[in-house]
Amino acid sequence: MTLYPSQYHNPYAHQYGTELAGEFEVLLAEQQDQAAAEVYREVQRSRAFQDIRRSYRSFVFPATAIFLGWYLLYVTLQAAAPDLMRAQLAGPFSVAWLLGLMQFVSTFVITWLYSRNARTKRDRAALGLRWDTQDQLR
């Protein structure tokens with residue numbers, strides 16, 4: 001039999017006996033879970049949360065579409081225009097190498113833009129919403 005911390009010292013055991021006290025703790029936990037779930041549902045319906053989600057989506061969806069378009073352009077050029085991709089720019093450095101390296105650069109730029117966007121537009125509002133939620137759960 002495994003003993004959990006609540007079984008070592010049960011504050012309700014002296015009133016209700018150990019069996020009833022355990023059931024009481026389960027019911028209390030279920031009520032607290034339901035109350036917490038309702039708080040989170042209210043937060044999800046709130047204007048502040050919707051604004052944070054809208055801000056997130058207004059950056060992520062276009063950035064994802066642009067990056068995927070850029071990647072598919074690279075792959076398509078590689079397949080459809082191999083002579084163009086083989087064209088030498090400087091020494092052994094070809095158009096394919098340039099565009100391939102630009103894929104890495106664009107990944108880092110998008111990551112930097114995302115973190116800047118999150119820091120300036122969403123983080124402060126999300127933190128405020130988090131503190132409000134934690135206050136409601138107490």
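Numbering starts at 1 and runs along the sequence shown. Note that this is a predicted model, so its numbers are computed, not measured.
- Using a 4.5 Å cut-off on side-chain heavy atoms (C-beta onward), Leu99 and Gln78 make no contact.
- Interatomic distance, CZ of Phe59 versus NZ of Lys121, reported as 9.0 Å (0.5 Å rounding).
- Here the closest non-hydrogen pair linking Ser106 and Phe67 is OG-CE1, 3.6 Å.
- Contact detail for Arg47 and Arg54: the closest heavy-atom pair is NH1-NH2, 4.4 Å.
- Considering only heavy atoms from C-beta on, Leu89 stays 4.5 Å or farther from Trp97 through its side chain.
- Between the CD1 atom in Ile110 and the CG atom in Asn117 there is a gap of 12.5 Å [rounded to 0.5 Å].
- Counting only heavy atoms from C-beta outward, the side chains of Met102 and Trp70 approach each other to under 4.5 Å.
- Taken together through direct or relayed side-chain contacts under 4.5 Å among Ile, Leu, Val, Met, Phe, Trp and Tyr, Ile52 and Val60 form parts of separate hydrophobic clusters.
- Atom-to-atom distance recorded for Leu98:CG and Phe93:CZ is 5.0 Å, nearest 0.5 angstrom.
- Note on ring orientation: taking the six-membered ring where Trp is involved, the planes of Tyr74 and Tyr71 are tilted (angle from 30° to 60°).
- Using the six-membered ring where Trp is involved, Tyr114 and Tyr56 have ring planes that are perpendicular, over 60° apart on the 30 and 60° scheme.
- For the pair Ser58 (side chain) and Ser55 (backbone), a donor-acceptor distance under 3.5 Å is present.
- Separating the CZ atom in Arg124 from the CZ atom in Arg119 is a distance of 10.5 Å, to the nearest 0.5 Å.
- The two residues Ser94 and Arg86 have their closest heavy-atom pair at CB-O, 4.0 Å.
- One distance of note links CZ of Phe108 with CG of Leu113; it measures 13.5 Å at 0.5 Å rounding.
- A pairwise comparison of heavy atoms in Arg57 and Pro62 identifies O-CD, 3.6 Å as the closest pair.
- Counting non-hydrogen atoms of other residues, nucleotides and ligands closer than 6.0 Å to CZ of Arg45 gives a total above 12.
- Counting only heavy atoms from C-beta outward, the side chains of Asp132 and Ser46 never approach each other to under 4.5 Å.
- The minimum heavy-atom distance between Leu77 and Leu84, with the atom names listed, is CD2-CD2, 4.2 Å.
- Interatomic distance, CZ of Arg130 versus CG of Asp123, reported as 11.5 Å (0.5 Å rounding).
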